[in-house]
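What's counted below: heavy atoms across the whole structure, side chains too, no hydrogens, waters or symmetry copies. Numbers for residues simply follow the sequence, beginning at 1.
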Amino acid sequence: MAMLLKKVWESVTNRRSSCPSSHVDSVISPPGYTKSPPPSSLGAFDRLPIDVVFQIVKLVGPKDAARLSVVCKSWRSLVSDDRLWIYFLQSYHDTWNSVFFAETNLQKFSSHIAKSSFMRIYRQRVQVPGAVIVDGGSGYYKFGWSKYACPSGRSATFSEFVNIEFPSYFRFRNFFATIYSRMQVKASAQPIVLSLPLRNYDDTESARASRRQLKEAIYTALFDMDVPAVCAVNQATLALYAAQRTSGIVVNIGFQVTSVVPILHGKVMRTVGVEVVDVGGLKLTEFLREQMQRNNINFRSLYTARTLKEKLCYIAADYEVELSKDTPASLEVPGEGWFTLSKERFTTGEVLFQPHIAGVHTKGLHEAVALCMDHCHAIGFTGDDTWFKTVVLSGGTALLPGLVGRLEKELHGLLPSSISKGIRVVSPAYGADTAWFGAKLIGNVS
Ligand SMILES: Nc1ncnc2c1ncn2[C@@H]1O[C@H](COP(=O)(O)OP(=O)(O)OP(=O)(O)O)[C@@H](O)[C@H]1O
């Protein structure tokens with residue numbers, strides 16, 4: 001292998017003087033994701049099959065591949081191949097593995113941006129500084145950099161800012177100023193990609209006005225802080241992008257409520273209707289606390305109940321069958337001691353499907369999703385009856401083990417086979433940080 005690489009460089013050095021040089025900047029492939037035509041002559045490398053030369057270039061890496069492009073037209077043609085740079089994007093940087101999806105699927109939503117070659121896209125990734133990413137969840141906000149693998153910080157929104165969803169200019173100024181100071185970055189230095197909370201879902205004039213008001217308050221607060229560019233997208237659409245899809249139904253199990261959001265080609269289908277269930281992560285924690293108090297399990301803080309919920313609870317595949325089983329499990333909570341839960345482990349999550357057991361009078365999660373699918377099917381505007389059959393879960397509570405299988409099972413039980421055939425429930429790829437990852441993906445689009 002060392003010999004082969006040596007040969008590449010000898011060939012490069014010999015030919016650099018004889019070939020007309022060109023700069024990497026000028027290399028732009030035709031629109032689309034293309035394969036370059038076979039190069040005319042690669043000198044000594046002509047004796048090797050082109051696939052082998054291609055493999056060698058993969059091995060030399062992106063930096064040296066870019067250098068090869070200035071040797072002559074033949075090498076430039078070879079190393080401009082989109083497949084090579086897609087390979088580099090996906091293999092050389094853990095945090096860039098979604099760039100290919102973003103560039104091929106999300107870029108088309110901004111028709112004014114001309115398509116670039118993947119070689120150019122790669123170079124932009126190296127040169128352009130990242131964006132600040134903020135997911136202002138109603139329970140927990142997450143912030144960080146688009147170039148980083150995960151959020152650099154998370155904090156409880158409700159305890160610090162009471163409720164950031166009410167469009168108050170000063171509340172937003174305070175919220176963003178806190179984040180910029182924690183990130184130790186000047187607001188004017190970076191663009192920001194922001195996830196908007198899912199509120200006022202309806203397709204009515206007053207709901208539209210209230211969404212506009214929320215956006216305006218956010219934009220005004222940010223531009224008054226001299227932020228150079230703002231991109232704000234709703235949480236559900238970002239969760240869908242994080243699952244590398246642009247159409248489907250997003251089920252965001254939020255802090256206070258659960259939203260079932262149909263999205264087609266990146267657009268929330270408000271005409272179909274967004275279903276809202278008044279159960280979220282907080283309700284489950286409170287219900288576990290009540291059960292523990294009832295069963296004389298002593299603890300000091302609500303955070304203990306939350307930890308036990310996150311570490312020991314699950315969703316039963318069949319609630320009635322589970323009730324007849326012995327299901328104890330124990331966990332040590334630092335500062336509080338050991339706790340053992342039994343039936344509480346699955347009765348807590350069952351509130352999502354049977355809210356009445358926690359005294360909440362609303363439909364179950366499966367019923368809300370089935371209703372949404374039924375509406376999507378009835379409207380049927382695309383001629384494609386499959387786009388709504390992928391259900392993408394998001395939010396921390398969606399991490400409860402067993403949720404995917406149970407939701408699929410309930411949907412098959414509720415819907416006629418014409419609708420339920422082909423349904424797939426997708427677990428949240430990034431749990432509570434799902435919207436943050438969707439925003440990061442947008443922050444990385446050229
Ligand atoms: N592994 C887990 N299992 C169960 N629940 C979890 C887990 N991880 C986090 N949660 C719960 O998820 C909830 C927080 O979720 P998340 O951060 O998605 O809310 P949010 O983004 O603030 O809400 P919203 O979508 O309403 O803005 C909390 O109730 C937390 O206890």
Side-chain angles (χ1 to χ4, degrees), residues 135 137-140 195-199 201 233-264 266-270 272-284 313-317 348-355 360 362-377 386-415 419-420 422-438:
D135 169 17
S138 62
Y140 298 88
S195 100
L196 288 174
L198 285 161
R199 286 290 174 269
Y201 326 83
V233 180
N234 74 75
Q235 264 178 359
T237 305
L238 293 175
L240 195 63
Y241 292 167
Q244 307 216 353
R245 301 188 159 267
T246 55
S247 299
I249 293 178
V250 173
V251 174
N252 180 60
I253 310 181
F255 186 62
Q256 316 237 26
V257 298
T258 295
S259 322
V260 180
V261 189
I263 299 174
L264 181 61
K267 254 188 108 52
V268 174
M269 303 308 292
R270 293 184 203 279
V272 172
V274 173
E275 301 292 330
V276 180
V277 178
D278 275 333
V279 173
L282 181 62
K283 183 83 231 157
L284 267 56
C313 290
Y314 63 93
I315 306 284
T348 300
E350 189 64 22
V351 173
L352 291 170
F353 293 90
Q354 303 190 55
V360 184
T362 183
K363 48 177 123 35
L365 173 63
H366 56 310
E367 290 157 332
V369 179
L371 202 61
C372 181
M373 285 190 166
D374 209 27
H375 291 161
C376 293
H377 179 73
T386 56
W387 68 272
F388 57 83
K389 295 198 176 188
T390 300
V391 178
V392 172
L393 300 178
S394 83
T397 306
L399 288 171
L400 283 169
L403 180 59
V404 169
R406 173 72 181 277
L407 183 56
E408 267 179 10
K409 181 185 134 189
E410 296 289 349
L411 289 173
H412 281 289
L414 277 176
L415 291 161
I419 303 183
S420 68
I423 281 179
R424 200 163 78 91
V425 179
V426 179
S427 57
Y430 305 100
D433 298 335
T434 300
W436 188 91
F437 275 91

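Asn252 and Ser259 are not linked by any side-chain donor-acceptor pair at a separation below 3.5 angstrom, with hydrogens and angles left out of the test.
In this structure, the side chains of Met269 and Val274 stay at 4.5 Å or more apart for every pair of heavy atoms. At a threshold of 4.5 Å between non-hydrogen side-chain atoms, the residues Val369 and Leu371 do not count as touching. Inter-residue side-chain proximity for Arg245 and Thr390 is flagged as met; some heavy-atom pair is nearer than 4.5 Å. Residues Leu284 and Leu352 form a side-chain contact, since some pair of their non-hydrogen atoms from C-beta on lies under 4.5 Å apart. In this structure the side chain of Glu350 reaches within 4.5 angstrom of the side chain of Arg406, judged on heavy atoms. Taking 4.5 Å as the limit, every side-chain heavy atom of Ser394 sits out of range of all side-chain heavy atoms of Ile253. In this structure, Leu264 and Phe388 have side chains that are not in contact, with every pair of non-hydrogen atoms separated by 4.5 Å or more. No side-chain heavy atom of Ile315 sits less than 4.5 Å from a side-chain heavy atom of Pro401.
To the nearest 0.5 Å, atom OG of residue Ser195 and atom CG of residue Asp135 are 3.5 Å apart. The line from OG of Ser427 to CG of Leu400 is 12.0 Å long, rounded to the nearest 0.5 Å. A distance of 9.5 Å separates NE2 in His412 from CG in Leu407, rounded to the nearest 0.5 Å.
Residues meeting the side chain to side chain donor-acceptor pair (under 3.5 Å) test with His377, sequence neighbours left out: Asp385. Shown here are the side chain to side chain donor-acceptor pair (under 3.5 Å) partners of Thr348, two or more places apart in sequence or in another chain: Gln291.
Among all heavy-atom pairs drawn from Ala239 and Val250, the shortest one is CB-CG1, 4.0 Å. Residues Ala368 and Val260 share a closest heavy-atom pair of CB-CG2, 4.0 Å. Residues Ala398 and Leu393 share a closest heavy-atom pair of CB-CB, 3.8 Å. Here the closest non-hydrogen pair linking Cys372 and Val272 is O-CG1, 4.3 Å. Minimum heavy-atom separation, Val392 to Ala243: CG1-CB, 3.8 Å. Considering all non-hydrogen atoms of both residues, Glu408 and Val425 come closest at OE2-N, 2.8 Å.
Ion pair Lys363/Glu275 flagged as a salt bridge, since at least one NZ, NE, NH1 or NH2 atom sits closer than 4.0 Å to an Asp/Glu carboxylate oxygen.
Judged by distance alone, the side chain of Lys389 and the main-chain N or O of Ile419 form a donor-acceptor pair under 3.5 Å. Judged by distance alone, the side chain of Glu367 and the main-chain N or O of Gly364 form a donor-acceptor pair under 3.5 Å. In this structure, the side chain of Asn234 engages the main chain of Thr237 through a donor-acceptor pair within 3.5 Å.
Using the six-membered ring where Trp is involved, Tyr430 and Phe437 have ring planes that are parallel, under 30° apart on the 30 and 60° scheme.
The 12-atom threshold is not exceeded at NZ of Lys267, counting heavy atoms of other residues, nucleotides or ligands nearer than 6.0 Å.
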Report task. Apply side chain to side chain contact (heavy atoms under 4.5 Å, CB included) to Ile249 and Val261, showing your working. Result -> CA-CA 5 Å; Ile249 293 178; Val261 189; over 6 Å; no
Query raised in the report: Between Leu365 and Leu403, does a side chain to side chain contact (heavy atoms under 4.5 Å, CB included) hold up when you go through it step by step?
Result: CA-CA 11 Å; Leu365 173 63; Leu403 180 59; 4.1 Å; yes
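Just one residue in the list Thr362, Val277, Asp278 forms a side-chain contact (heavy atoms from CB on, under 4.5 Å) with Thr258, and that residue is Val277.
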